[in-house]
Protein chains: 2
Amino acid sequence: MNINDCIFFLLTKCSQTGVKFWAQKVSSLGVTAVQAMVLGFLSEEDMITSRQLGERTTIDSATLTGILDRLENMGYTKRQSNPDDGRSIMISLTAAGKKVAFDIRTLVDNANQEFLQKLSKEEEAMLRGLLRRLK
Amino acid sequence: MNINDCIFFLLTKCSQTGVKFWAQKVSSLGVTAVQAMVLGFLSEEDMITSRQLGERTTIDSATLTGILDRLENMGYTKRQSNPDDGRSIMISLTAAGKKVAFDIRTLVDNANQEFLQKLSKEEEAMLRGLLRRLK
DNA sequence: CTAAATTTACTCGTATACAAATTATTTTCC
DNA sequence: GGAAAATAATTTGTATACGAGTAAATTTAG
């Protein structure tokens, strides 16, 4: 079995390389790659339910619980009960969380470009389009 | 931060979708997606050192130790000492392992095709080429 | 209206992924 | 030859990822 011929393996390795690259970019902020993504996302759409956050980020609810635990421990997010529905919780950024999220947003575009610098603009657009269709 | 604009996120989600698809294909064999990959790889290049296996599959040595523990427990692989170098170990498939690996190899091409069926042959080749450059 | 079904977040257990430290062995270099 | 550097595999600790099950709250059916 040639590893490169297996699309699952190829996607995994490519993703791991990218995530490691991104993790290194945000490591100075003291957050992991995934935590940075969640914070960056919340900086656009704050005060939403955990379920909505999970939908938008396509992070499983069991996984999200742990991520929110750690972000909360670091003082970046908080959980509040939802007056409209006792089952769900509202997630929002703290002041400190907003600050880190801002830093993350200034990093992400640059990191994207740097990671994709081997590709031309056409190739990048092609790649994004193909990945979106497989997602 | 738009999730789809972040290449790291897009790659991760695409990879997760692919891995889940592949995991489902091999679940009847009682192995995980990664375990199936390792077995499939060993069916081509058996009796190599753990370090070589890690290089070929780009699986970290710490991760590989655990994977080999589980494969060994299932009776699919075995570790033997390397007479040429006391530090390293030789990995090989058992008879049972060869049988499962054979089944895996019959599954993988089909799974690849099925996962990529939304893409034309040209698009598939393009995707593989782009991913290899980012890997 | 109330019992059943559904939904939400969480817990639990298992499997990667990976950085850092450890142990045993081998290689290098003087 | 022997100390120092390098290498191989493992261990340890933390962070996802995810299936399965749970408790509490809400919605749906009859």
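Quick note on labels: first sequence line is chain A, next is B, and so on, each numbered from 1. Below, each value reflects all heavy atoms present in this structure, side chains not excepted, and no hydrogens, waters or symmetry copies. All values derive from a computational prediction rather than experimental measurement.
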Considering every strand and a 4.0 Å limit on heavy-atom distances, what is the contact class for A:S61: base, sugar-phosphate, or nothing? base

What is the distance from CG of B:L64 to P of C:dC18, rounded to the nearest Å? 12 Å

Name the pairs: protein N/O against N/O of nucleotides 5-7 of chain C, kept only if under 3.5 Å.
from, atom 1, to, atom 2, distance (Å)
C:dT7, O4', A:R87, NH1, 3.4
C:dT7, O2, A:R87, NH1, 3.2

side-chain hydrogen bond (donor to acceptor under 3.5 Å, both in side chains): pairs with one or both residues in residues 89-102 of chain A, sequence neighbours excluded: A:Q80-A:S92

Rounded interatomic separation in angstrom, taking CG from B:D84 and P from D:dT7: 18 Å

Please compare B:A62 and A:T65 by the position of their nearest nucleotide in DNA chain C and report the one closer to 5'. A:T65

Spacing between B:F8 atom CZ and D:dT16 atom C1', to the nearest angstrom: 18 Å

Neighbour count >12 (heavy atoms, 6.0 Å) for atom CE, A:M126: no

Test question: given the 4.5 Å side-chain rule for I, L, V, M, F, W and Y, name all other residues clustered with A:M90, or answer none. A:M47

Between B:S88 and D:dA8, is there a contact of a side-chain N or O with OP1 or OP2 at under 4.0 Å? no

Please report the distance, rounded to the nearest Å, between CG in A:L68 and P in C:dT8. 16 Å

Suppose the criterion is ring pair (Phe, Tyr, Trp, His ring centres under 6.0 Å): which pairs have a residue in residues 89-111 of chain B, not counting sequence neighbours? none

With sequence neighbours excluded, give me every ring pair (Phe, Tyr, Trp, His ring centres under 6.0 Å) pair touching residues 34-79 of chain B. none

Please list, in numerical order, the residues of residues 73-81 of chain B that have a heavy atom closer than 4.0 Å to any atom of DNA chain D. B:R79

Mind checking side-chain contact (heavy atoms from CB on, under 4.5 Å) for B:S28 and listing every partner two or more places apart, or none if nothing turns up? none

Just to be sure I understand the rule, does A:I67 reach a base, reach only the sugar-phosphate, or reach nothing, if contact means heavy atoms closer than 4.0 Å? sugar-phosphate

Nearest of D:dC18, C:dA17, D:dA9 to any side-chain atom of A:D60? D:dC18

Contacts of A:Q113 meeting side-chain hydrogen bond (donor to acceptor under 3.5 Å, both in side chains) (sequence neighbours excluded), chain-then-number -> none

With sequence neighbours excluded, tell me which residues meet ring-ring contact (aromatic ring centres under 6.0 Å, His included) with B:F21. B:F115

Over how many whole Å does the gap from B:L53 atom CG to D:dA9 atom P extend? 10 Å

How long is the line joining CZ of A:R70 and P of D:dG13, in whole Å? 17 Å

Thinking salt bridges, do A:R133 and B:E123 make one under a 4.0 Å N-O criterion? yes

Taking only heavy atoms on the protein side, list every residue of residues 9-48 of chain B lying under 4.0 Å from any atom of DNA chain D, sorted numerically. B:Q16, B:K20

Got a sec, which pairs hit salt bridge (charged side-chain N to carboxylate O under 4.0 Å, His left out) with one end in residues 27-48 of chain B, sequence neighbours left out? B:E44-B:R105, B:E45-B:R56

Salt bridge (charged side-chain N to carboxylate O under 4.0 Å, His left out): which pairs involve residues 9-31 of chain A, sequence neighbours left out? A:K25-A:E114

When all nucleic acid strands are considered with a 4.0 Å heavy-atom cut-off, which category describes A:D85: base, sugar-phosphate, or nothing? sugar-phosphate

Could you state the atom-to-atom distance from CD of A:E55 to C1' of C:dA9 in whole Å? 14 Å

Check whether any side-chain heavy atom of A:V19 sits under 4.5 Å from a side-chain heavy atom of A:Q16, and report yes or no. no

Of the options D:dA9, D:dT11, C:dC10, whose atoms approach the side-chain atoms of B:I89 most closely? D:dA9

